[in-house]
Amino acid sequence: MATKVGEPLPSSFYARDALVVARALIGKFVRHGPVIVRITETEAYRGPSDSAAHARFGITPRTQTLFGPVGHAYVYLCYGLHSMLNVVTTGDGSAVLIRAGEPVAGLALIQRRRGAQRGPAILAGPGKLAQGLGLGRDHDGLPLSGQSVISVHDALPPAGLLVGPRVGIDYAAPKHVRAPWRFALAGTKAVSRPQTLRPEGRGTSGREH
DNA sequence: AACACGATGGACT
DNA sequence: GTCCATCGTGTTA
């Protein structure tokens, strides 16, 4: 994937293990219309064998895009209120949840969508991110290509990463997988649960679980 | 047809 | 820290 900074990512970018894609997405840009957001936090969900993933139910009306074309958006409604933006990876039910971001363009529109919210944490959370981007259930299944209304664009590699357990559902992480399932950009305030993240490489610190 | 509950966020003690 | 809005989904009957 010899992609230049600012170019839309090719589908080959997404056709890898969700853990790899989740890590690679940190620092990249998501665009919906005039709004552009830098991705600061992601979380991997790895197919039917992942007991926390929606794919554990197999192909259902809701999860069919999860088993569809690589590099498409999987958007679903959580708690009856919040939309969650995911990127379909290998097509076997795996996906990456985009959990947080920083506004890059379209700040006024983002603020209007987010109500009274202001400041660096305005998109710190999966529901906040989707709301700021103006995404909902009707965007489910759309491609993330340069031709689409939604797209993801390449960026320079981030200086440092934080890693940690998934939020709310660590109970289900396959124990034999040593790698972390959640990734964040080091040094940003746009992260949903900083206290469970640690710098990559160093020993465990902070609260796991 | 009824039911329990969630990959959350905001308000409040 | 606690409470709860709000509804699509999968499960069970």
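Computed over heavy atoms, backbone and side chain alike; hydrogens, waters and symmetry mates excluded. These numbers were taken from a predicted model, which means no experiment stands behind them. Here is the naming used below: chain letters follow the sequence lines, and residue numbers restart at 1 for every chain.
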Just wondering, do [Y] and [X] contact through their side chains at under 4.5 Å, heavy atoms?
{"X": "A/Phe13", "Y": "A/Val152", "value": "no"}
{"X": "A/Tyr45", "Y": "A/His54", "value": "no"}
{"X": "A/Lys128", "Y": "A/Arg114", "value": "yes"}
{"X": "A/Arg182", "Y": "A/Thr196", "value": "yes"}

ask   = Is there a Watson-Crick or G-U wobble partner for C/dT6 with both distances under 3.5 Å, and which nucleotide is it?
value = none

task = Searching all strands shown, indicate the nucleotide that pairs with B/dA7 (Watson-Crick or G-U wobble; both distances under 3.5 Å).
result = none

Over all strands shown, is [X] touching base, sugar-phosphate only, or nothing at heavy-atom distances under 4.0 angstrom?
{"X": "A/Arg193", "answer": "nothing"}
{"X": "A/Thr60", "answer": "sugar-phosphate"}
{"X": "A/Tyr79", "answer": "base"}

Expressed in angstrom and rounded to an integer, what is the separation of [X] atom [atom1] from [N] atom [atom2]?
{"X": "A/Lys128", "N": "B/dA11", "atom1": "NZ", "atom2": "P", "answer": "10 Å"}
{"X": "A/Leu129", "N": "B/dG9", "atom1": "CG", "atom2": "C1'", "answer": "14 Å"}
{"X": "A/Ile98", "N": "B/dT8", "atom1": "CD1", "atom2": "P", "answer": "14 Å"}
{"X": "A/Gln131", "N": "B/dG9", "atom1": "CD", "atom2": "P", "answer": "10 Å"}
{"X": "A/Tyr76", "N": "C/dG10", "atom1": "OH", "atom2": "C1'", "answer": "15 Å"}
{"X": "A/Leu135", "N": "B/dA7", "atom1": "CG", "atom2": "P", "answer": "19 Å"}
{"X": "A/Leu97", "N": "B/dT8", "atom1": "CG", "atom2": "C1'", "answer": "11 Å"}
{"X": "A/Leu77", "N": "C/dT9", "atom1": "CG", "atom2": "C1'", "answer": "10 Å"}

Which nucleotide, [options], lies nearest any side-chain atom of [X]?
{"X": "A/Pro126", "options": "B/dA7, B/dG9, C/dT9", "result": "B/dG9"}
{"X": "A/Leu81", "options": "C/dT6, B/dA7, C/dG10", "result": "C/dT6"}
{"X": "A/Arg137", "options": "B/dA7, C/dT9, B/dG10", "result": "C/dT9"}

message = Taking A/Val96 as the starting point, is it possible to reach A/Ile150 by hopping between hydrophobic residues whose side chains are less than 4.5 Å apart?
response = yes

note = Sorted by number, residues from residues 82-96 of chain A placing a heavy atom under 4.0 Å from DNA chain C are none

Intermediate values then yes/no, side chain to side chain contact (heavy atoms under 4.5 Å, CB included), A/Lys28 and A/Thr3 = CA-CA 12 Å; A/Lys28 307 228 183 297; A/Thr3 313; over 6 Å; no

query = Pick the nucleotide of DNA chain C nearest each of A/His54 and A/Gly80; which residue has the one closer to the 5' end?
reply = A/Gly80

ask   = Once you round to the nearest 0.5 Å, how far does CD1 of A/Ile26 lie from CZ of A/Phe183?
value = 8.0 Å

query = Between atom CD1 of A/Ile110 and atom CG of A/Leu133, what is the distance when rounded to the nearest 0.5 Å?
reply = 6.5 Å

key: Aromatic-base stack, A/Phe57 on C/dG10, cutoff 5.5 Å, angle under 30   = no

key: Under-4.0 Å side-chain N/O to phosphate OP1/OP2 contact, A/Arg114 with B/dG10   = yes

